[in-house]
Amino acid sequence: MSLHEDEKQFGSVAVLGLPNAGKSTLVNALVGSKVSIVSPKVQTTRSRVLGIAMQGRAQVVLIDTPGVFAPKKPLERAMVKAAYDALDGADIVLHLVDASVKNPAEKNAEIIEKLPKDAFVMLVLNKVDQVKKEELLTLSVDLNGRFDYRATYMVSALKGSGTADVLKGLAQNLPAGEWAFDEDQLTDMPMRLMAAEITREKIFQQLHQELPQAVMVETETWEQFDDGSIKIGQAITVQREGQKAIVLGRGGSRIKQIGQAARLDLEEIFGLRIHLKLFVKVEEDWAGRAENYQRIGLDFQS
Ligand SMILES: Nc1nc2c(ncn2[C@@H]2O[C@H](COP(=O)(O)OP(=O)(O)OP(=O)(O)O)[C@@H](O)[C@H]2O)c(=O)[nH]1
Ligand SMILES: [Mg+2]
């Protein structure tokens, strides 16, 4: 690409991959700050999340998406649609593959089928800290035989190795254009939604099995005080009384730990003292109601 040295570049990158591939971890690494929540469980990211990274004169907008899988419930259908919708209008598609699982190429066959043939698609093999070098090379050859990737990178998003090269590679291939965001902006997510996402991350990290999938978190109150501190009130909605008991824990011990962990993160992200008040309510069918989807940034897919 022949650009003037001082010419600005701007464009968007859709990050696509299976659940748990490390998409959100990679986006956070490229942005250099936490904008998207991460957990060891699948289906952590529910909606499209924007991360904004600067590389020289290029502003790179990273679109983190929910993982692509075979959806069964309405919430899952909306999540997978949000992931594929991100392909529309993206300047670059970054296909992220967890190289540490068994048969990664086979597992990604369905995604590969849906990759746009005429787009600039980049392959990034992740979790290389868990894989032998020979296996990575074999996997790279296998995947490149299945799709005409324009470039291949190998990274550990968790440890940050190789991620600087990915950012450079992205920036090099974006068109010239005016930046759409401030130079120091990291995401387009409103603070109230970001605060709810952080609490949801702690629920994903601290609670087991299927329960996190049944949870919705919303910021309901937000008060800023003269001393700069913020008082945030959030509702955690679950689908059954039994789930409420689990979120609360014995004598309220679990929700206390969730609240503490979330508060520490929020104080770091916002750089302010935070008071966080959480309460739990039961709404059996929250995941069947269209208006709840809009509130968490999704389209209802009945
Ligand atoms: N060992 C290792 N673990 C990683 C790496 N990158 C991500 N992980 C871990 O993989 C798990 C999933 O990471 P996420 O970033 O939440 O994955 P995701 O693709 O966004 O997952 P969904 O949002 O559920 O689709 C977390 O436990 C991460 O810490 C890596 O490079 N190496
Ligand atoms: Mg994610």
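For the single chain, residues carry numbers from 1 onward in sequence order. In listed order, ligands and their atoms are each counted from 1.
- Under the 4.0 Å criterion applied to side-chain N and carboxylate O atoms, Asp227 and Arg273 are assigned as salt-bridge partners.
- Ion pair Asp188/Arg48 flagged as a salt bridge, since at least one NZ, NE, NH1 or NH2 atom sits closer than 4.0 Å to an Asp/Glu carboxylate oxygen.
- Given atom 32 (N) of ligand 1, the protein heavy atom at minimum distance is Asp129 OD1, 2.8 Å.
- Under a cutoff of 6.0 Å and an axis angle of 45°, Lys8 and Trp179 form a cation-pi pair.
- When hydrogens are left out, the protein atom nearest atom 15 (O) of ligand 1 is Thr25 OG1, 2.6 Å; that is the closest non-hydrogen contact.
- Of all protein heavy atoms, the one lying nearest to atom 25 (O) of ligand 1 is Lys23 NZ, 2.9 Å.
- Looking at ligand 1, you'll find an N or O of Leu158 within less than 3.5 Å of one of its N or O atoms.
- Near Ser156, meaning under 4.0 Å from one of its heavy atoms, ligand 1 places the atoms 30 (C), 31 (O), 32 (N).
- Heavy-atom proximity to Lys41, at under 4.0 Å, picks out these atoms of ligand 1: 24 (O).
- Checking each of Thr44, Thr45, Asn20 against Ser39 for a side chain to side chain donor-acceptor pair (under 3.5 Å) leaves exactly one that passes, namely Thr44.
- One option in Val27, Leu16, Thr45 has a heavy atom closer to atom 23 (O) of ligand 1 than any other, and that option is Thr45.
- Taking the ring centre of Tyr84 as origin, the terminal cationic atom of Lys114 falls inside the region bounded by 6.0 Å and 45° from the ring axis.
- Of all protein heavy atoms, the one lying nearest to atom 4 (C) of ligand 1 is Lys127 CE, 3.7 Å.
- Proximity annotation for atom 31 (O) of ligand 1: of Ala157, Ala21, Pro40, Pro66, Ala157 comes nearest, heavy atoms only.
- Regarding atom 21 (O) of ligand 1, its nearest protein heavy-atom neighbour is Asn20 N, 3.0 Å.
- Every atom of ligand 1 with a heavy atom of Pro19 under 4.0 Å away is listed here by number and element: 25 (O).
- A donor-acceptor contact closer than 3.5 angstrom is absent between the side chains of Arg263 and Gln260.
- Looking at Gln9 and Arg57, their side chains never bring a donor and an acceptor atom within 3.5 Å of each other.
- Look at Asp299 and Lys81 and you find a salt bridge, because one of the NZ, NE, NH1 or NH2 atoms lies within 4.0 Å of a carboxylate O, short of that distance.
- The backbone N or O of Arg240 lies less than 3.5 Å from a partner atom in the side chain of Gln243, making a donor-acceptor pair.
- Looking at atom 6 (N) of ligand 1, its nearest protein heavy atom turns out to be Asn126 ND2, 3.2 Å.
- Between Gly67 and ligand 1, an N or O atom pair is found at a separation short of 3.5 Å.
- Of the N and O atoms on the side chains of Asp64 and Ser24, at least one donor lies less than 3.5 Å from an acceptor on the other residue.
- Near Gln130, meaning under 4.0 Å from one of its heavy atoms, ligand 1 places the atoms 1 (N).
- Annotation for ligand 1: atoms under 4.0 Å from non-hydrogen atoms of Gln43 are 24 (O).
- Taking a cutoff of 4.0 Å between a charged side-chain nitrogen and a carboxylate oxygen, Glu197 and Lys202 do not qualify as a salt bridge.
- Excluding waters, the set of protein N, O or S atoms lying under 2.8 Å from the Mg ion (ligand 2) comprises Ser24 OG, Thr45 OG1.
- From the protein, the heavy atom lying nearest to atom 17 (O) of ligand 1 is Gly22 N, 3.1 Å.
- Residues passing the salt bridge (charged side-chain N to carboxylate O under 4.0 Å, His left out) test with Lys34 are Glu201, Asp265, sequence neighbours excluded.
- For Asp129 and Ser161, the side-chain atoms include no donor-acceptor pair closer than 3.5 Å.
- Relative orientation of the Phe181 and Phe10 rings is tilted, given thresholds of 30° and 60° on the angle between their planes.
- No donor-acceptor contact under 3.5 angstrom links the side chains of Thr237 and Glu283, judged on distance only.
- Every atom of ligand 1 with a heavy atom of Val42 under 4.0 Å away is listed here by number and element: 24 (O).
- Of all the listed residues (Ser39, Ser24, Ala83, Ala29), Ser39 holds the heavy atom that lies closest to atom 26 (C) of ligand 1.
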